Amino acid sequence: MLTLPFIRAYQETTIAGLQKKHVANAAEIVAKLLAQDDQRKALLQQAESALEKSNAAAKEIGALMQSGQKELAEGKRAETAALKASIKEMEEAAKAAEKELTDLLVTLPNLPHSSVPQGKTADDNEVVLTWGSVPVLAADAQPHWDLIKKYDIIDFDLGNKITGAGFPVYKGKGARLQRALINFFLDEAIKAGYYEIQPPILINEESGFGTGQLPDKEGQMYVTKEEGLFLIPTAEVPITNLYRDVIVNEKELPIKNVGHTPCFRREAGSWGAHVRGLNRLHQFDKIEIVQIHKPENSYAALEEMSLHVQGLLQKLGLHYRVLRLCGGDMGFASALTYDMEAWSGAQNRWLEVSSVSNFETFQANRLKLRTKIDGKSILCHTLNGSALALPRIVASILENNQGPDGIKIPEVLVPYTGFTHIN
RNA sequence: AGAGGGGUGUCCGAGUGGUUUAAGGAGCACGCUUGGAAAGCGUGUGUAGGUCUCAAGCUUACCGAGGGUUCGAAUCCCUUCCCCUCUACCA
């Protein structure tokens with residue numbers, strides 16, 4: 001959530017930023033926000049000065065009662081009773097104005113960093129770098145959805161039977177490869193100084209709001225019927241919300257957490273021919289890294305996180321590229337996002353395997369996540385990234401590493417899998 | 001899940017309708033004291049909003065959360081979340 005003092009002080013910047021994110025009528029919205037804020041303040045002031053009067057009167061009555069001047073107290077009491085109704089009205093008006101204001105404020109996305117390219121769609125993203133080269137495969141190379149059947153390692157039909165589309169069952173070496181990747185990614189993160197967290201995978205509404213999934217993406221999450229809890233779409237939600245309503249000691253910063261969880265996404269309305277097989281799932285495993293920083297360090301941290309993710313891809317020997325997302329393609333809460341895409345050898349296309357973002361104070365403002373510097377409390381910066389999401393990594397490994405003697409497991413994974421080939 | 005007991009500041013803890021302006025203690029910060037430290041003494045010690053050019057000051061709200069009763073609520077009532085004990089169930 002953007003902060004009002006910022007919007008007020010930097011109206012032009014705010015409008016330009018919102019426009020880069022393709023918010024319609026940005027200028028009108030900013031003007032409306034400021035007007036509503038003025039109104040809120042006026043109403044609040046009115047209510048508070050009435051309250052002040054009534055507080056003073058109550059105190060007086062108390063004093064009179066105690067000194068035994070019953071009659072005077074009674075008179076005063078009748079007088080004050082009349083105030084009550086109007087105070088309630090004023091308080092309600094102030095509250096309503098505040099709600100109207102936050103309801104609008106909450107719908108606004110974060111402002112993009114100055115380096116974010118203009119643009120609307122994925123085609124406008126900027127390629128920052130490309131690593132490795134396209135693997136040379138035999139003419140009869142198969143896409144992963146055929147390979148998983150050939151080697152019987154991931155079963156969509158069984159998943160359909162017990163749950164539904166997009167919930168595959170991993171079997172044998174398929175399951176072991178999953179476990180190997182999870183452990184490898186966690187170990188690498190721990191080596192890089194991250195602290196492992198195993199959070200709940202159901203979260204409440206406050207947490208969904210804290211990181212920005214609610215109300216923006218409500219339709220994308222699964223909800224439990226009785227309790228109204230949401231299945232997490234990413235470990236970012238529980239791990240970042242650990243710090244909701246927290247004033248972190250400056251000495252504890254930066255915070256670097258990592259966690260592995262399954263992730264659940266309804267992906268309503270986003271199905272199509274290009275999302276076959278593992279390309280898009282309702283449930284998948286992901287290792288997420290989360291960092292919390294003082295504002296001045298957050299962009300250096302973002303680069304560090306990007307390098308960490310790239311290191312993983314390099315160790316796995318995957319041809320990849322890094323994109324700087326354009327204003328139209330980046331997420332609601334993000335100020336700057338790098339996407340890492342791995343090459344899928346048989347589909348001949350890039351697959352997004354990680355997204356690393358700096359949210360600056362956007363999430364922290366919703367979370368009330370602060371630190372104290374020189375006695376003043378300020379909002380922290382939050383960042384997160386996938387390191388990494390499994391299914392598309394698996395797809396790329398399967399496709400890129402296929403050969404006559406089966407699928408070759410990347411060397412770094414062999415200590416984790418206990419086998420060198422899937423065949 | 002049922003019955004009972006709880007939730008107060010950074011922490012412990014007092015507080016069952018009116019100088020509560022949340023006692024007291026611990027911790028922390030600063031000062032005094034000291035050769036230095038400890039002890040001791042003194043002072044300070046939350047968050048958010050409003051007012052204000054800034055600061056100070058003033059002011060409003062906050063005792064798990066939300067609502068209510070009252071001139072006045074940490075205190076009474078309702079709803080809800082969480083914790084503890086016992087019982088039941090259970091990996």
Side-chain angles (χ1 to χ4, degrees), chain A residues 1-10 33-106 198-210 214 223-230 238 241-253 361-380:
Chain A
M1 188 158 67
L2 300 174
T3 66
L4 276 164
F6 180 91
I7 296 175
R8 196 172 282 282
Y10 303 99
L33 273 174
L34 294 178
Q36 281 180 343
D37 190 39
D38 289 337
Q39 204 202 354
R40 179 196 126 248
K41 282 184 193 171
L43 289 168
L44 191 67
Q45 227 170 307
Q46 210 181 20
E48 283 189 355
S49 73
L51 261 176
E52 191 180 342
K53 259 185 234 165
S54 126
N55 284 348
K59 209 170 274 183
E60 237 178 285
I61 292 169
L64 290 173
M65 295 283 261
Q66 228 150 47
S67 62
Q69 298 170 271
K70 279 252 160 78
E71 270 161 47
L72 273 173
E74 285 300 329
K76 201 83 189 165
R77 184 201 297 222
E79 212 175 288
T80 319
L83 255 178
K84 265 199 79 176
S86 69
I87 287 179
K88 199 166 179 186
E89 252 172 58
M90 284 187 263
E91 277 185 320
E92 267 162 23
K95 216 182 257 186
E98 173 144 24
K99 184 176 185 310
E100 204 181 331
L101 178 66
T102 43
D103 281 354
L104 176 57
L105 197 54
V106 146
Q198 203 173 94
I201 58 178
L202 271 73
I203 49 119
N204 58 28
E205 199 178 331
E206 289 76 18
S207 296
F209 177 82
L214 293 174
V223 197
T224 69
K225 203 172 183 177
E226 299 298 328
E227 297 84 3
L229 297 172
F230 297 89
N241 270 281
L242 297 175
Y243 303 91
R244 172 150 51 82
D245 291 318
V246 170
I247 300 179
V248 183
N249 191 320
E250 189 186 350
K251 285 179 228 154
E252 287 167 35
L253 295 174
T361 61
F362 192 83
Q363 291 182 330
N365 188 30
R366 292 175 161 231
L367 293 161
K368 299 197 182 71
L369 161 53
R370 291 156 293 179
T371 187
K372 251 190 190 176
I373 292 175
D374 298 328
K376 268 187 92 172
S377 86
I378 58 157
L379 293 169
C380 295

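Model, not experiment: these values are computed from the prediction. Below, each value reflects all heavy atoms present in this structure, side chains not excepted, and no hydrogens, waters or symmetry copies.
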#### Entry: Atom pair distance, as rounded to whole Å: CD1 in A/I87 and C1' in B/G72
11 Å
### Nearest-Å distance for atom pair CG/P, residues A/N249 and B/U47
13 Å
### Query
Under the salt bridge (charged side-chain N to carboxylate O under 4.0 Å, His left out) test, which residues partner A/D103, sequence neighbours left out?
A/K99
### Query
Who does B/G17 pair with, Watson-Crick or G-U, both distances under 3.5 Å?
none
### Message
Counting only heavy atoms and a strict 4.0 angstrom limit, can you tell me which residues of residues 34-41 of chain A come near RNA chain B?
### Response
A/R40, A/K41
### Query
Of all residues at least two apart in sequence or in a different chain, which pass the side chain to side chain contact (heavy atoms under 4.5 Å, CB included) check with A/E226?
none
### Task
Go ahead and name the base partner of B/A22; Watson-Crick or wobble counts if both distances stay under 3.5 Å, otherwise write none.
none
### Message
For the backbone of A/K376 and the side chain of A/R370, can you confirm whether one donor and one acceptor N or O come within less than 3.5 Å of each other?
### Response
no
### Message
Treating primed atoms plus P, OP1 and OP2 as sugar-phosphate and everything else as base, which nucleotides of nucleotides 58-71 of chain B get B, S or - for protein heavy atoms under 4.0 Å?
### Response
-SBS-----SS-BB
### Task
Rounded to whole angstrom, note down the P distance from B/G36 over to B/U51.
50 Å
### Query
For A/S54, does its backbone N or O pair with a side-chain atom of A/T80 as donor and acceptor, under 3.5 Å?
no
### Counter-base of B/G36, judged by Watson-Crick or G-U geometry with both distances under 3.5 Å
none
### Task
Return the nucleotide paired to B/U51: Watson-Crick means purine N1 to pyrimidine N3 with N6-O4 or O6-N4, wobble means G-U with N1-O2 and O6-N3, both under 3.5 Å.
B/G57
### Query
Taking the same atom, C1', in B/G5 and in B/A91, what whole-Å distance lies between them?
29 Å
#### Entry: Separation of atom CG in A/L202 from atom P in B/C81, rounded to whole Å
16 Å
### Query
Taking any strand in view, what nucleotide pairs with B/C63 in a Watson-Crick or G-U wobble way, both distances under 3.5 Å?
none
### For B/C30, the Watson-Crick or wobble partner whose two distances fall under 3.5 Å
B/G42
### Message
Take a 6.0 Å sphere around CD of A/E250 and say whether it holds more than 12 heavy atoms from other residues, nucleotides or ligands.
### Response
yes
### Query
Nearest-Å distance, NZ (A/K372) to C1' (B/U10)?
10 Å
## Note on the structure
Sorted by chain and residue number, the side-chain hydrogen bond (donor to acceptor under 3.5 Å, both in side chains) partners of A/S207 (sequence neighbours excluded) come out as A/N204, A/R244
#### Entry: Between B/U10 (P) and A/D245 (CG): distance, integer Å
12 Å
#### Entry: Watson-Crick or G-U counterpart of B/C86, or none if no pair lies under 3.5 Å
B/G2
### Query
For A/E100, which residues count as a side-chain hydrogen bond (donor to acceptor under 3.5 Å, both in side chains) partner, sequence neighbours excluded?
A/Q36
### Message
Which nucleotide, if any, forms a Watson-Crick or G-U wobble pair with B/G72, using both distances under 3.5 Å?
### Response
none
## Note on the structure
Rounded to whole Å, CD of A/E74 lies from C1' of B/G18 at a distance of 14 Å
### Query
Rounded to whole angstroms, how far apart are NZ on A/K376 and P on B/C54?
11 Å
### Message
Holding to side-chain hydrogen bond (donor to acceptor under 3.5 Å, both in side chains), I want the full list of residues that pass it with A/N55, two or more places apart in sequence or in another chain.
### Response
none
### Query
Expressed in angstrom and rounded to an integer, what is the separation of A/E226 atom CD from B/A1 atom P?
11 Å
### A/E60: partners by salt bridge (charged side-chain N to carboxylate O under 4.0 Å, His left out), with sequence neighbours left out
A/K76
### Task
Quick one: label A/I247 by what it contacts on the DNA or RNA (base, sugar-phosphate, nothing), any heavy atom closer than 4.0 Å.
sugar-phosphate
### Task
Taking side-chain hydrogen bond (donor to acceptor under 3.5 Å, both in side chains) as the test, write out the residues that go with A/R40, two or more places apart.
A/D37
